[in-house]
Amino acid sequence: MRSANLSLLLRDLADHGPSTRANLAQRTGLSKAAVTSLVTDLSERGLVREGPTQRQGGVGRPGTALHLDPTRVAGIGMDLAADQLTVCLQDLGGGVRFTTARPTPFIAGGKRGRDAAAQGADGQPAADAEPARTYPAATVLDLAAQLICEAQQVAEAAGLWVAGVGVAAPGPIDEQSATVRFASNLGWQQVPLAAELDQRLMGEELPVAVQNDAKLSALAAAPRLARRGVADLIYLTGDVGVGAGIIVGGNLLRGFSGSSGEVGHISLGAPTPTAPLRACRCGRRGCWETLVGLEAVLDLLPAEDPGRTADWSMARRLARLRELAAAREPAITEGMAQLTTDLARGLGVLTDVLNPQVVILGGAFGELAELLVSPVQKALDARLLDPAGRVEVLGSWLGLQAAARGGATLALQRVLEDPLRVPVLSPPASSARPGPDPAAAG
């Protein structure tokens with residue numbers, strides 16, 4: 001019961017921000033005496049701290065605001081994307097203490113698709129199947145473990161107790177076994193991520209949880225919008241693949257098998273009647289991500305442009321695209337218009353089915369937000385049947401770190417669920433009472 005009440009208070013501070021003991025008692029239904037006792041326990045674990053006094057109205061003694069303490073506990077997030085691996089160390093207050101990214105190790109060669117060959121609608125190998133990168137799980141996870149250890153070292157140097165690691169991976173996830181069931185963009189099937197990382201993190205007591213990257217991006221974005229009263233949203237992330245994290249009524253929508261949000265494989269067909277259906281990495285044709293995914297976006301760059309080379313990071317390549325769009329290159333302008341149309345086509349389907357209050361464009365879409373948000377908003381407004389159902393389109397404020405930050409948020413949920421997991425702070429040596437003097441005793 002005490003653990004549940006501690007969790008109740010800590011979640012309230014996480015959801016609503018700084019609050020007085022009186023307000024906490026009012027919102028949680030706990031007595032003021034119980035809140036005072038519980039706050040003492042949270043303070044002893046370095047989870048909350050006193051802030052400036054708050055006077056509400058002109059009568060009575062002002063209350064002292066309680067804040068989540070950012071100096072004690074942190075979570076590590078890791079994003080396993082086809083372009084790069086990103087690690088993030090985030091404290092309980094939401095502050096990013098450390099982040100770094102490295103190119104994802106790969107081997108050139110192989111074919112696209114679930115069975116190592118892209119197939120058309122007739123089941124035959126696609127004529128336009130191109131050699132693709134493959135990402136050996138062992139090599140990728142070796143680097144991931146190295147980056148996690150770097151973040152752990154930063155945490156130790158800052159005196160932060162790490163609650164665990166949250167890993168963001170593309171594709172459907174078996175949450176119980178923390179296994180990536182199928183990630184076409186990495187060429188992975190049935191990869192037991194948590195078990196593999198545990199082996200590589202020997203000696204580090206870091207519980208590992210795994211979740212889909214788009215879902216974790218939505219988890220990272222949700223608290224800011226919750227303070228605006230937004231409880232229903234879609235976080236659309238654009239990478240080599242396209243996925244959606246869906247929040248309904250304030251809760252993450254997982255689906256019965258954990259596969260919700262695989263929207264990149266919605267079949268939208270060709271953008272025009274005469275355009276060919278592009279082969280998707282999943283083995284099918286006409287998937288939405290073949291029209292708006294990262295490869296389609298980068299195809300807007302001129303063939304000889306250095307931004308087409310894989311030697312550049314995603315951020316640098318997208319910055320190059322923004323630069324050419326600002327210069328009003330005709331081909332780029334035309335291509336961005338088609339991208340906007342195709343993006344709005346798919347979002348129209350999602351908004352009709354899910355009726356969100358907000359759609360967030362993240363990943364590559366977020367990096368191009370200044371070019372996409374306004375026209376996508378206009379396109380969705382134009383097809384609106386009921387004005388009360390208007391959806392607001394936003395660019396992500398989390399950048400390319402969204403999934404990694406969501407992973408850190410997932411790790412920190414262990415603390416929100418059970419604050420007693422966090423050890424009590426040791427008192428400073430100078431404050432310890434001196435023991436009896438043996439000489440005096442003699």
Side-chain angles (χ1 to χ4, degrees), residues 3 6-7 9-15 17-18 41-51 66-80 85-102 144-168 178 193-194 197-198 200-211 213 215-224 397-426 428:
S3 175
L6 288 169
S7 173
L9 289 185
L10 204 59
R11 286 184 181 278
D12 188 282
L13 291 172
D15 292 341
D41 203 341
L42 293 173
S43 297
E44 289 175 349
R45 286 172 165 75
L47 297 174
V48 300
R49 60 180 173 82
E50 303 279 356
L66 294 167
H67 301 246
L68 294 179
D69 192 335
T71 65
R72 166 64 168 156
V73 171
I76 295 175
M78 166 60 65
D79 180 22
L80 303 176
L85 304 185
T86 304
V87 70
C88 173
L89 177 70
Q90 180 175 297
D91 63 41
L92 188 61
V96 175
R97 298 300 195 92
F98 169 76
T99 184
T100 189
R102 305 280 178 81
Q146 177 184 328
L147 296 178
I148 290 169
C149 288
E150 287 184 23
Q152 171 75 334
Q153 290 167 6
V154 172
E156 290 177 354
L160 291 164
W161 180 84
V162 177
V165 180
V167 181
L193 272 187
L197 282 174
D198 281 340
R200 291 165 169 79
L201 296 172
M202 291 178 63
E204 303 286 351
E205 296 183 2
L206 294 174
V208 177
V210 181
Q211 185 51 274
D213 52 357
K215 289 183 174 69
L216 288 183
S217 296
L219 195 65
R224 176 169 169 175
W397 53 92
L398 296 170
L400 299 178
Q401 298 179 2
R405 292 192 63 175
T409 301
L410 179 65
L412 286 166
Q413 282 190 342
R414 297 185 68 249
V415 174
L416 296 179
E417 291 167 0
D418 183 6
L420 295 178
R421 286 190 169 113
V422 182
V424 173
L425 285 167
S426 300

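Rounded to the nearest 0.5 angstrom, Asp198 CG and Leu206 CG are separated by 9.0 Å. Taking CG of Leu147 as the reference point, atom SG of Cys88 lies at 12.5 Å (rounded to 0.5 Å). In this structure, Leu10 CG and Leu412 CG are separated by 10.0 Å, a value rounded to the nearest 0.5 Å. A distance of 12.0 Å separates CD in Gln152 from CZ in Phe98, rounded to the nearest 0.5 Å. Atom CG in Leu89 sits 11.5 Å away from atom CD1 in Ile148 (nearest 0.5 Å). A distance of 9.5 Å separates CD in Glu156 from SG in Cys149, rounded to the nearest 0.5 Å.
For Arg102, the side-chain hydrogen bond (donor to acceptor under 3.5 Å, both in side chains) partners at least two apart in sequence or on another chain are Glu150. Applying the side chain to side chain contact (heavy atoms under 4.5 Å, CB included) rule to Ala168 yields the partners Asp79, Asp213, Leu216, Ala403; only residues at least two apart in sequence or on another chain are considered. For Ala145, the side chain to side chain contact (heavy atoms under 4.5 Å, CB included) partners two or more places apart in sequence, or in a different chain, are Leu197, Arg200, Leu201.
The two residues Leu219 and Gly406 have their closest heavy-atom pair at CD2-O, 4.2 Å. What you find for Leu410 and Ala209 is that their closest heavy atoms are CD2-CB, 3.8 Å. In plain terms, the two heavy atoms of Leu416 and Arg11 that are nearest each other are O-NE, 3.8 Å. Contact record, Ala144 with Leu85: N-CD1, 3.9 Å, taken as the closest heavy-atom pair. Taking every heavy atom of both residues into account, Ser217 and Leu398 meet most closely at O-CD1, 4.3 Å. Smallest separation of non-hydrogen atoms from Glu417 and Ser3: O-OG, 4.3 Å.
Looking at Arg45 and Asp41, a side-chain N of the basic residue comes within less than 4.0 Å of a carboxylate O on the acidic one, giving a salt bridge.
Remark: side-chain polar atoms of Arg421 are paired, donor with acceptor, to backbone N or O of Arg414 under 3.5 angstrom. Formation of a donor-acceptor pair under 3.5 Å by the Thr99 side chain with backbone atoms of Val87 is found in this model.
Looking at Leu92 and Arg72, their side chains never come closer than 4.5 Å, going by heavy atoms from C-beta outward.
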>> Assess the residue pair Leu42 and Leu13 against the criterion (side chain to side chain contact (heavy atoms under 4.5 Å, CB included)); give the C-alpha distance rounded to whole Å, side-chain angles, the decisive distance to 0.1 Å, and a yes or no.
In response: CA-CA 12 Å; Leu42 293 173; Leu13 291 172; 5.5 Å; no

>> For Leu80 and Leu193: C-alpha separation, side-chain torsions, deciding distance, then whether side chain to side chain contact (heavy atoms under 4.5 Å, CB included) applies.
In response: CA-CA 11 Å; Leu80 303 176; Leu193 272 187; 3.8 Å; yes

>> Assess the residue pair Leu66 and Glu50 against the criterion (side chain to side chain contact (heavy atoms under 4.5 Å, CB included)); give the C-alpha distance rounded to whole Å, side-chain angles, the decisive distance to 0.1 Å, and a yes or no.
In response: CA-CA 5 Å; Leu66 294 167; Glu50 303 279 356; 3.8 Å; yes

